[in-house]
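A quick write-up on the structure given underneath.
These numbers come from a predicted model, not from an experiment. When a ligand or atom number is given, it counts from 1 through the structure's own listing order.
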Amino acid sequence: MTISLTVVGLGYVGLPLAQEACRSTMKVFGLDVDSAVVAGLSTGHSHIDDLDATDLAEMLAAGFQPTTEPNCIADSDVVVICVPTPLNDNGSPDLNAVKAATRTVSEHLQPGSLVVLESTTYPGTTQDVVRPILEAGSGLTAGDDFSLSYSPERIDPGNPKWGLRNTPKVVGGLTSECTNSAVKFYERFVDTVVPTTGTREAELAKLLENTYRHVNIALMNEMAVFCHELGIDLWAAIEAAETKPFGYEAFYPGPGVGGHCIPIDPNYLSWVVRSVGYRFRLVELAEEISDRMPAYVAQRVQDSLNADRKAVNGAIVLLLGVTYKANVSDQRETPARPLAKHLSKMGADIRFFDPHADTFTFNGLELVGEDDLEESLAKADLAVLVQAHNEIVESGALNRARRILDTRGVLSGDNVERL
Ligand SMILES: NC(=O)c1ccc[n+]([C@@H]2O[C@H](COP(=O)([O-])OP(=O)(O)OC[C@H]3O[C@@H](n4cnc5c(N)ncnc54)[C@H](O)[C@@H]3O)[C@@H](O)[C@H]2O)c1
């Protein structure tokens, strides 16, 4: 039976979902409030790294319909909400997009349909925030008249091995029937679907995964600082520890954490923990440690230049890679930004090279990227490898640099110093 799906929110999460659904011969509508995004997609322009024009052409040929008109919800058997969940200025969850999208869904919801929330959020959101809005707007009852579930997205932008289809997908419903209907839906295009007890457990599973990463990255960041003082090569120690076949998973230090997930999601959990009178101290500590890394890297830049009898003030410092992770173009929460702010405060003349970014903004200043890696390395007093994009690491031009501070532990050579 052909089923129809509306994906609400056509970003890094919604678009790959729409793509797999199109491939499984569903009729797919893509609903977004951003008319520029919808216009771009309708004319074959993708704005995310993991989908190119060919992918989009395939989707459009399969009947994919990007739209700003919510009427498509009434024609859909399944509605999946993938809208952003940022933080407010005070660090509390900002669920405005989730609430607005849910209100839209509620106004068009039909009996017998399935609604799934995929946005990352704190445990209780599906049941206590989404459910009442859907019921009030539709006059229907969740669990009786329509199914409601939560399924966390595990997408890893830029990962060539693990995509939506081969990454197991966790699903938790309001009732066991809700869980079953969400499992049946995802089994159409995901190899392994993992049902769990309920919506809260599915919501917590996502936050547990990201908090685990957050805490372990911070552990490595803290160790990087004292290993440098002790003259120990932390990267070699990690490589050695990694040979243990059980009980250890390798994490790596870096210039700070970025992106939409690691710096933000654990705050959703600490916020809900505070509501029951506790502080989530490990998360707070991890945040404090990783937040200090850009300043620490700036300090290491100063130390390196000092070894050449140079001041940071007036030195040309070339940032290699300014996005939040390797091989993607997303600059959200990139650690390159606080690093650039620290270096600029110290008087450095900052330039950048990034094959994934034409411009980079910090302190309200928009820099245009260097277009020749070799030339820009030759001009720089020091280069900092911030993101190990393949094009940079494999370029063969890095030996032109006077000095490189490698914050990713992937380079070697006489001119390279690792974090
Ligand atoms: N990006 C990732 O790697 C990733 C991974 C796992 C989970 N997530 C989670 O998935 C959710 C979505 O993240 P994303 O990275 O895809 O965001 P995004 O910003 O790339 O895309 C979200 C889209 O939703 C649209 N939107 C906002 N409000 C809307 C509304 N009321 N109705 C319809 N569309 C609306 C926006 O215009 C935008 O196009 C977040 O909760 C995020 O934490 C993201």
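When Tyr268, Tyr324, Tyr12 are ranked by how near their heavy atoms come to atom 1 (N) of ligand 1, first place goes to Tyr12.
Those atoms of ligand 1 that come under 4.0 Å of a heavy atom in Ile155, given as number and element, are 2 (C), 3 (O), 4 (C), 5 (C). Ligand-side atoms of ligand 1 in range of Asp34: 37 (O), range being under 4.0 angstrom from any heavy atom. The distance from ligand 1 to the heavy atoms of His260 drops below 4.0 Å at these ligand atoms: 40 (C), 42 (C), 43 (O). Using a 4.0 Å cut-off to heavy atoms of Thr85, the atoms of ligand 1 that qualify are 40 (C), 41 (O), 43 (O). Of all the atoms in ligand 1, the ones that sit under 4.0 Å from a non-hydrogen atom of Cys261 are 4 (C), 5 (C). Heavy-atom contacts of Ala97 reach the following atoms of ligand 1: 28 (N), 31 (N) (cutoff under 4.0 Å). Contact atoms of ligand 1 toward Val8: 32 (N), 33 (C) (distance under 4.0 Å to a heavy atom of the residue).
Residues Leu164 and Leu17 are in side-chain contact: their nearest non-hydrogen atoms beyond the backbone lie under 4.5 Å apart.
No option in Trp271, Phe280, Tyr150 other than Trp271 meets the ring pair (Phe, Tyr, Trp, His ring centres under 6.0 Å) test with Tyr122. Only one option out of Thr126, Asp128, Thr125 pairs with Arg200 in a side chain to side chain donor-acceptor pair (under 3.5 Å); it is Asp128.
Within the 4.0 Å heavy-atom shell around ligand 1 one does not find Lys99. Residue contact check for ligand 1: Arg154 places no non-hydrogen atom closer than 4.0 Å to it. For Thr104, the closest heavy-atom approach to ligand 1 does not fall below 4.0 Å.
Within the 4.0 Å heavy-atom criterion, the part of Pro157 lying near ligand 1 is the side chain and not the backbone. Within the 4.0 Å heavy-atom criterion, neither part of His47 lies near ligand 1.
The pair Glu135-Arg131 meets the salt-bridge criterion, with a side-chain N (NZ, NE, NH1 or NH2) lying under 4.0 Å from an Asp/Glu carboxylate O. Under the 4.0 Å criterion applied to side-chain N and carboxylate O atoms, Asp330 and Arg332 are assigned as salt-bridge partners. Salt-bridge annotation for Lys169 and Glu118: present, with a side-chain N of the basic residue lying under 4.0 Å from a carboxylate O of the acidic one. Under a 4.0 Å N-O distance rule, the pair Glu20/Arg23 qualifies as a salt bridge. A salt bridge between Arg103 and Glu107 is absent, with no side-chain N of the basic residue lying under 4.0 Å from a carboxylate O of the acidic one.
Note that the NZ atom of Lys325 and the CD1 atom of Ile262 stand 9.5 Å from one another [nearest 0.5 Å].
Looking at Arg300, its side chain does come within 3.5 Å of a backbone N or O of Arg418 through a donor-acceptor pair. A donor-acceptor distance shorter than 3.5 angstrom exists from the side chain of Thr334 to the backbone of Val322, with no hydrogens or angles considered.
Nearest protein heavy-atom contact of atom 30 (C) of ligand 1 is Val33 CG1, 3.7 Å. For atom 39 (O) of ligand 1, the closest non-hydrogen atom on the protein side is Asp32 OD2, 2.7 Å. Looking from atom 11 (C) of ligand 1 to the surrounding protein, the closest heavy atom is Val83 O, 3.4 Å. Looking only at heavy atoms of the protein, atom 21 (O) of ligand 1 is closest to Gly11 CA, 3.2 Å. In terms of protein heavy-atom proximity, atom 27 (C) of ligand 1 is nearest to Pro84 CD, 3.6 Å. Annotation: atom 13 (O) of ligand 1 to nearest protein heavy atom, Val13 CG2, 4.1 Å. Of all protein heavy atoms, the one lying nearest to atom 19 (O) of ligand 1 is Arg332 NH1, 3.6 Å. In terms of protein heavy-atom proximity, atom 31 (N) of ligand 1 is closest to Ala101 N, 3.5 Å.
Judged by the 6.0 Å and 45° rule, Lys184 forms no cation-pi pair with Tyr186.
Note on ring orientation: taking the six-membered ring where Trp is involved, the planes of Phe251 and Tyr212 are perpendicular (angle over 60°, cut-offs 30° and 60°). By the 30° and 60° cut-offs, the orientation of the rings of Trp235 relative to Tyr252 is parallel.
Residue Glu153 has no nitrogen or oxygen atom sitting less than 3.5 Å from a nitrogen or oxygen atom of ligand 1, judged on distance alone. When only interatomic distances are considered, the shortest N/O to N/O separation between Thr120 and ligand 1 falls below 3.5 Å. For Lys206, no nitrogen or oxygen atom sits less than 3.5 Å from a nitrogen or oxygen atom of ligand 1, counting backbone and side chain alike.
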